[in-house]
Amino acid sequence: MKQKVFVYLLVTVILLLSIASATVLRTRESSKPPLKMDPYGFQPLCVSCTGLVSVASIFLQFDVSEPVVLEFATIICKLFAKQPWAVCDGISSQFRDEFFYVFRRLAKESPSQICGILLPDCADPTDPSESGWEIPLPPKPKKLSKQKTERKVKSFKNLNVLQLTDLHVDFEYKYPSEADCDDPVCCRKSVSDPKKAAGYWGSVGKCDIPLWTVEHMLKHITDTHLIDMVVMTGDYINHVDWEYSIEEHLSVLRRLHRLVQTSFPTTPVYWALGNHEGVPVNSFAPHSVDQRFWPTWLYKEFHAMSGPWLSEGSDHSLLRRGSYATQVMDGLKLISLNTGFCEVTNFFLYLNQSDPDSSMSWFVKELYESEKIGEQVYVLAHIPPGDSECLEGWAFNYYRVIQRFASTISGQFFGHDHLDYFTVFYEDMHNVSSLPIGVGYAAPSVTTFEYQNPAYRIYEIDPYNKFKIVDFTTYSANLDKATDEKEPVWKKLYSAREAYGMSDLSPLSWNKVIQKLFKSDKRRQQFYKYAFRNESPNCDETCKMQLMCNLRMGHHNSTLYCPTF
C-alpha cells in the first residue's frame with residue numbers, strides 16, 4: 001500500500017509540474033555542462049527517476065488509478081499553488097485525458113524522456129525527438145525573378161495595417177463587481193461592497209475586457225482611421241481556462257468574427273490561432289496521436305473565419321495544421337503560423353517534438369516558393385519564438401528560417417505576452433555583434449489582463465518598396481479615467497520613429513535602439529511605460545530585466561541576450 005501511495009504521489013508531482021510550469025526549457029546553452037555522474041559513469045538521479053516512472057506506468061495501466069492521482073493533484077494544487085478548489089479541480093479534469101495518454105505512451109516507449117522533461121540534466125539536447133531536431137533548408141536559387149513594381153492598390157500611398165491581439169474578451173464581465181478577488185480572474189462576480197470596484201469599461205488588473213469596450217474600440221478605429229488590412233494574432237478567449245469547453249469556444253469565436261466582420265465589411269481580415277484557442281488551453285494535437293484529440297473542430301471554425309480572404313489551395317494546410325498561406329496582393333504573401341506547436345504545455349509535443357504535422361517544413365516550402373518569384377512575405381503568429389512558453393527546438397528552427405529567408409520576410413507580427421516590445425534577429429544567432437537581419441513585433445494586448453491598459457497598433461506600409469514597415473503607431477485608452485458616464489478616450493501613445501528617433505524601421509536601426517536602451521535608465525523607464533501602457537507599470541526588477549532580454553531573445557539563450565547593468 002505504501003508503495004502504491006508513493007507512486008500516486010510521484011505521478012501527481014509530474015502532473016502538477018507539467019501543468020503548472022510545463023517544463024524546464026532545455027536550451028543548447030544550458031545543456032553544455034557535462035551531466036552529473038558518479039565515479040562509474042552513471043547518472044544516479046536520472047536512473048532513479050527512470051525507474052520510478054517505469055513503476056508508475058505499471059499502476060497507471062489501470063484506469064482506476066486515475067481518479068486517485070487526480071484527487072491528490074487537486075489537493076496539492078489547493079495547498080501549495082493556493083488556488084481555489086474550483087480552479088484546481090477544473091485544471092485537473094481538463095488535462096486528465098491528455099496527460100495520462102501522453103504519460104502512458106512515454107512511460108512505455110521512453111521513460112527517460114519524462115525525466116528529461118522534468119530534470120534538465122537528464123535530457124539529451126541532441127535527440128531529434130526532443131529539442132535536437134533540425135529541418136533542412138534549401139540553397140538560395142541561382143537566379144531570382146524580379147517582381148513587378150506595379151501594385152493593385154487603391155492609390156499611390158502607403159497602406160495602413162491594423163494589428164489586434166490578445167482580445168481575451170470576457171462575455172461574463174460584471175459591473176459592478178470585485179476587481180481584487182482571490183480567483184485568478186476577477187470582475188466576474190457581482191458584490192455589494194467590493195474592496196476594489198471594477199470599472200464599467202474594464203479594470204486594469206486581474207480582469208479581462210468586457211465586450212462593450214471592444215465594440216467601442218472598433219467603432220473608434222473605423223471612425224478615425226482608414227484601414228487597408230487587419231491582422232489578428234490570437235487569444236480571443238478569456239483567461240478562465242479551468243472552465244474551457246469546445247461549445248463555449250465556438251460561440252465566442254463566432255461572436256467575435258461577426259463583430260470584426262461587421263466593423264470591417266470590405267477590409268481583408270487575417271487571423272492567427274493563439275494558445276488559448278485550444279481546449280484544454282494550449283492543447284493542439286498533431287496527427288501522430290489518436291484522432292480523438294485532433295482539434296479538427298477548431299481548424300474548421302478557423303477556416304470559416306478566414307475563408308473569404310484565402311487564396312485557392314490554402315484549405316488543406318489550414319484544416320490539417322491550423323496554418324495557412326495566402327496571397328494578399330501582387331508581390332505579397334501572408335503566412336499564418338499555428339504556434340500551438342511550440343507551446344511548452346502542449347503535452348502531445350513531448351511524444352515527438354520534431355516538426356509536428358510538418359508545419360516548419362511547410363513554412364520553409366512556402367517561403368522558398370515566394371523567394372523564387374521575388375515575392376515578399378509577412379509572418380503572422382501568436383507566440384514569439386524567444387518566449388519562455390515556446391519550446392527551444394521550434395524556436396531554434398524558426399530562427400534558422402528567419403536567417404535563411406531574411407530578404408524575403410518583410411514583417412513578423414506576434415502577440416501573446418500582452419506587452420509592447422520587439423525582437424531583433426541576427427545573422428549569427430550566437431553573436432549579437434553580427435549583422436541584424438530581421439525584426440519581430442510583439443504588439444500590445446486589447447485585454448487589461450494583467451495590469452495594463454487596452455491598446456491597438458497601426459503599421460504604415462510602403463507597397464512600392466518590398467512592403468517594408470515605414471512606421472507604426474500604438475493607441476491606448478486610460479481606463480482609470482473612464483466611468484460609466486464617461487467613455488474611454490483612445491489616444492496615440494507613441495509612434496516608433498518619433499519615440500526612438502529612428503530614420504527607418506530597419507533591423508539595424510532597431511539594434512541601435514537596443515543599445516541606447518541598455519545605456520540609458522531614463523530611456524528604459526519610458527520603454528516600460530510603453531510596454532504596459534501605464535504611467536506606473538506593475539513590473540518588478542525581474543520583469544524589467546526580462547523585457548530587456550526579449551529585445552534580442554529570438555530563441556532561448558539568456559546568457560547571450562540578456563544585458564548586464
Does any non-hydrogen side-chain atom of [Y] lie less than 4.5 Å from one of [X]?
| X | Y | answer |
| --- | --- | --- |
| Phe425 | Pro385 | yes |
| Val161 | Ile458 | no |
| Asp355 | Trp133 | yes |
| Leu351 | Val289 | yes |
| Leu367 | Val364 | no |
| Tyr299 | Arg320 | no |
| Ile227 | Phe264 | yes |
| Tyr350 | Gln353 | yes |

Restricting to pairs with a member in [range], which pass disulfide bond (SG atoms under 2.5 Å apart), not counting sequence neighbours?
| range | answer |
| --- | --- |
| residues 219-308 | none |
| residues 215-324 | none |
| residues 205-253 | Cys187-Cys207 |

When you measure from the side chain of [X] to the backbone of [Y], do you find a donor-acceptor pair of N or O atoms at a distance under 3.5 Å?
| X | Y | value |
| --- | --- | --- |
| Ser203 | Gly199 | yes |
| Asn275 | Val281 | no |
| Tyr378 | Phe467 | yes |
| Asn453 | Leu479 | yes |
| Asn282 | Val344 | no |
| Arg533 | Gln452 | no |
| Ser317 | Ser323 | yes |
| Thr339 | Ile383 | yes |
| Glu277 | Gly274 | yes |
| His220 | Pro488 | no |

Taking side chain to side chain contact (heavy atoms under 4.5 Å, CB included) as the definition, give me every residue that meets it alongside [X], ordered by chain and number, with sequence neighbours left out.
| X | result |
| --- | --- |
| Thr483 | Glu485, Lys486 |
| Lys195 | Glu178, Asp180 |
| Asp166 | His168, Asp235, His382, His418, Ser445 |
| Thr474 | Asp420, Pro444, Ala455, Arg457, Phe472, Leu493, Tyr494 |

- Between Trp212 and Tyr173, what is the ring plane arrangement, given parallel below 30°, perpendicular above 60°, and tilted in between? perpendicular
- Query: Aromatic rings Phe414 and Tyr398: how do their planes relate, parallel, tilted or perpendicular, breaks at 30° and 60°?
  - Reply: perpendicular
Suppose we screen for salt bridge (charged side-chain N to carboxylate O under 4.0 Å, His left out). Which residues come up paired with [X], at least two apart in sequence or across chains?
| X | answer |
| --- | --- |
| Glu301 | Arg254 |
| Arg255 | none |
| Glu172 | Lys174 |
| Glu369 | Lys365 |

To the nearest 0.5 Å, tell me how far [X] [atom1] sits from [Y] [atom2].
| X | Y | atom1 | atom2 | value |
| --- | --- | --- | --- | --- |
| Ser336 | Leu318 | OG | CG | 7.5 Å |
| Leu298 | Leu253 | CG | CG | 7.0 Å |
| Leu310 | Tyr270 | CG | OH | 8.0 Å |
| Glu343 | Glu389 | CD | CD | 4.5 Å |
| Met229 | Leu159 | CE | CG | 8.0 Å |
| Leu164 | Leu218 | CG | CG | 6.5 Å |

- Closest heavy-atom pair, Val191 versus Ser177, reported as atoms and distance to 0.1 Å, is CG2-C, 4.1 Å
- Any chance you could lay out the side chain to side chain contact (heavy atoms under 4.5 Å, CB included) test for Phe363 and Ile135, step after step, and finish with the verdict? CA-CA 11 Å; Phe363 183 38; Ile135 53 164; over 6 Å; no
- Query: Can Ile469 and Ile461 be said to form a side chain to side chain contact (heavy atoms under 4.5 Å, CB included), step by step?
  - Reply: CA-CA 5 Å; Ile469 300 171; Ile461 307 296; 3.7 Å; yes
Near-ring test [Y]/[X], centroid separation under 6.0 angstrom:
| X | Y | value |
| --- | --- | --- |
| Phe95 | Phe99 | no |
| Tyr451 | Phe532 | no |
| Tyr456 | Tyr475 | yes |
| Tyr459 | Phe413 | yes |
| Trp271 | Tyr236 | yes |

- Query: Which is it for Ser306 and Tyr324 under the side chain to side chain contact (heavy atoms under 4.5 Å, CB included) test, yes or no, and what are the steps along the way?
  - Reply: CA-CA 10 Å; Ser306 307; Tyr324 64 86; 4.0 Å; yes
- Message: The test is salt bridge (Lys or Arg N to Asp or Glu O under 4.0 Å); show your working for Lys189 and Asp183 and say whether it passes.
- Response: CA-CA 10 Å; Lys189 297 177 182 177; Asp183 291 338; 3.3 Å; yes
Is the closest side-chain donor-acceptor distance between [X] and [Y] under 3.5 Å?
| X | Y | result |
| --- | --- | --- |
| Tyr101 | Asp97 | no |
| Ser283 | Glu98 | yes |
| Gln376 | Ser370 | no |
| His303 | Asp315 | yes |
| Asn238 | Asp208 | no |

- All pairs passing side-chain hydrogen bond (donor to acceptor under 3.5 Å, both in side chains) where residues 242-253 contributes a residue, at least two apart: Tyr244-His276
